[in-house]
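Remarks on the structure that follows.
This is a predicted model, so every value here is computed, not measured. Chain A is the first sequence line, chain B the second, and so forth, proteins listed ahead of strands; every chain is numbered from 1.
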Amino acid sequence: MKRTVDVSIPLGPVHPCWKEPARVKCETRGEYVLSAEVELGYMKKGIERIMRGRPWQEVMFLAERVCGICSVIHNMVFIEALESISNIPVPDRAALLRVVVNELDRMQSHILANFSYCYTIEHETLGMYLLDVRENVMDELERITGARVTCAYIVPGGVRFDLRDEDALHLRANLAAIEEEITRYTGMFENGPLIALRSRGIGVLTREAAREACAVGPTARASGMPETDRRLRHPTYQKLGFTPVSREEGDNYARIMMRFQEVLQSIALIRTCLDTLPEGPIRGGGIPGAGETAYSGEAPRGELSYFIKTDAAGRVLDIAIQTPSIMNIEACCHYMLKGVASLADVSSTFVSSDPCIACTER
Amino acid sequence: MSGYLYEKDLSSMKYAILTSTRHDRMVREIADDLGIAQLKLRRYIMDRFDMLLMENLPARYEEGKRLTAEAPAPERDLKTHLYSRAVPLIEEEEMDRIFSQVKDLMDDGSPEDEAVSTGRRLIREAIQA
């Protein structure tokens, strides 16, 4: 069907405010955005195809290379999928250490997403403050796992390294500093009049639209869908008494505030883990065998699912990865951007959904 | 000869998306359900959907199937929500028109299965048109 519009405006594939290349084609009437379409294909890795036929020992390293920002959760979901296929138990201490590392990864991802948003709405000061805090989180990740990204910390039946007492002390001290700073920056974001002008009531995603696009993670929870949090169904998080936070506004402001709230929630979760960390082994052993499963976990951006089929030697026969950015970017481009009143808000709305193109294209 | 720098033929990339494990399963299920050739359905989806919607189709399809199963009888059998909202193969207005035709047939005394199969034929024709 031929549509008559004033002008079709493409954004990207290279945009100074976006972390990765994508092309958003907006059809506009004046400044008003009528619809948006997305073109991908600038960074396709074909990683699922590379994984097929390889032993799990190789695939676990490939899995965390799907995304450089949330590599820990890819590692965790892949390994936990193998553990569920082969009924491999995980010692309590290792299960809690997995939560510690996963929450640190979530914190750095959320802080980076909020930095990107602040940078996009030209509040560079707050953006740089946030990047500074993120470095502290990355340092803690490195101290525990030995690497800032792609740490391969989680292995079948446990984790690779134990948490030393001096590292736990350092982590607690750093968490206190991070909490203080994030609380201050949350206040700056919450009360900034210019931030409110660029964020409140812009890029609204209603609960119904979020449901239709299958939105997940902070994007869905900012539209009043706390039930989408996969941590509610994870046994270790259940033991920790995890309760998701959510908001109702569904606009850019709510999505950024949601991430600030979740950073503070992650700090509380890590503290609970440290308080209740039992003595004992960190690796129980176990070898992945043949089977097929669909396994999901809560990545920083939302529900991450692995569909895996393995043979008796633990070789991956078939694998499909459903990343949260697929759903969230779709929700953004086909629902949030539709009806945005100014083209200037397109890039900020796009960034507010925390798009990860590396995950989307895999 | 001049051309747009970034306007490219996306067919091969769209085809790569559609032939991945979960997409392929979805296409086969829909093609079997509607009685359409898989190749034709793939071509139809590639022409109609942007890459992001295509990437998200398996998630939307699963959620659409769940919601369709909860819907009342004629909508459930006709899968109105699934084929117009979750996997938007036809426009909502077109689906509303087909649904009202099915309702009219039922009001005129046609058995429900017959009216629904007429509706499914209309959906198939709308896709193949």
Side-chain angles (χ1 to χ4, degrees), chain A residues 1 8 10-14 21-25 35-42 44 46 48-49 52 208-216 228 294 296 302-303 305-309 317-335 337 355 357 359-362, chain B residues 3-28 44-68 70-71 80-94 126 129:
Chain A
M1 192 175 70
S8 177
L11 277 86
V14 178
R23 189 159 185 246
V24 181
K25 295 202 292 193
S35 65
E37 231 176 64
V38 178
E39 279 179 15
L40 303 171
Y42 299 97
K44 176 86 179 169
E48 287 162 331
R49 192 155 291 182
R52 279 186 205 122
E208 292 68 35
R211 188 174 295 248
E212 191 169 293
C214 306
V216 286
T228 55
S296 300
E303 182 177 336
S305 305
Y306 271 66
F307 306 86
I308 304 175
K309 189 176 178 184
L317 299 177
D318 196 10
I319 188 163
I321 307 167
Q322 181 180 282
T323 60
S325 287
I326 295 172
M327 288 85 99
N328 290 338
I329 303 178
E330 208 249 293
C332 171
C333 293
H334 296 150
Y335 297 90
L337 291 183
I357 308 297
C359 277
T360 308
E361 299 202 19
R362 308 183 298 293
Chain B
Y4 293 110
L5 185 59
Y6 292 110
E7 294 298 341
K8 287 180 182 166
D9 179 17
L10 303 171
S11 305
S12 58
M13 284 188 285
K14 285 186 170 182
Y15 185 74
I17 294 172
L18 266 194
T19 47
S20 70
T21 310
R22 295 179 69 230
H23 286 80
D24 191 51
R25 195 181 305 149
M26 182 205 70
V27 168
R28 282 167 196 276
Y44 182 78
I45 290 174
M46 282 162 62
D47 288 343
R48 197 177 163 83
F49 297 167
D50 74 343
M51 293 177 86
L52 208 51
L53 181 56
M54 284 177 63
E55 282 278 14
N56 199 15
L57 280 180
R60 292 177 74 109
Y61 179 66
E62 294 303 323
E63 178 68 7
K65 274 203 300 190
R66 198 184 59 74
L67 288 174
T68 301
E70 291 168 4
T80 50
H81 176 84
L82 185 64
Y83 294 136
S84 66
R85 306 275 311 171
V87 182
L89 292 173
I90 58 177
E91 299 286 342
E92 274 184 84
E93 297 78 34
E94 179 73 4

Under 4.5 Å to a heavy atom of chain B? For A/Ala22 that would be neither
The salt bridge (Lys or Arg N to Asp or Glu O under 4.0 Å) partners of B/Glu70 (sequence neighbours excluded) come to B/Arg66
The reported gap from CD1 in A/Ile326 to CG in B/Leu57 (rounded to nearest 0.5 angstrom) is 10.5 Å
Taken in chain and number order and not counting sequence neighbours, the residues that satisfy side chain to side chain contact (heavy atoms under 4.5 Å, CB included) with A/Lys44 are A/Glu361
If one checks every heavy atom of B/Ala59 against chain A at 4.5 Å, the contacting part turns out to be both
When you look at B/Asn56 and A/His334, which way does the side-chain contact (heavy atoms from CB on, under 4.5 Å) test go after all the steps?
CA-CA 12 Å; B/Asn56 199 15; A/His334 296 150; over 6 Å; no
| query | Can you tell me if CZ on A/Arg49 sees more than 12 non-hydrogen neighbours from other groups inside 6.0 Å? | reply | no
Per-residue tally against chain A (heavy atom, under 4.5 Å) across B/His23, B/Arg22, B/His81 peaks at B/Arg22
Q. Are A/Glu208 and B/Arg85 within salt-bridge range, i.e. N to O under 4.0 Å?
A. no
On a heavy-atom basis, the closest approach of B/Thr21 and A/Ile319 is OG1-O, 4.3 Å
Under a 4.5 Å heavy-atom criterion, the part of residues 10-18 of chain B in contact with chain A comprises B/Leu10, B/Met13
Salt bridge (Lys or Arg N to Asp or Glu O under 4.0 Å) pairs touching residues 322-331 of chain A, sequence neighbours excluded, are A/Glu330-B/Arg60
Criterion side-chain contact (heavy atoms from CB on, under 4.5 Å) on A/Arg362 and B/Glu55, from CA distance to verdict: CA-CA 11 Å; A/Arg362 308 183 298 293; B/Glu55 282 278 14; 3.4 Å; yes
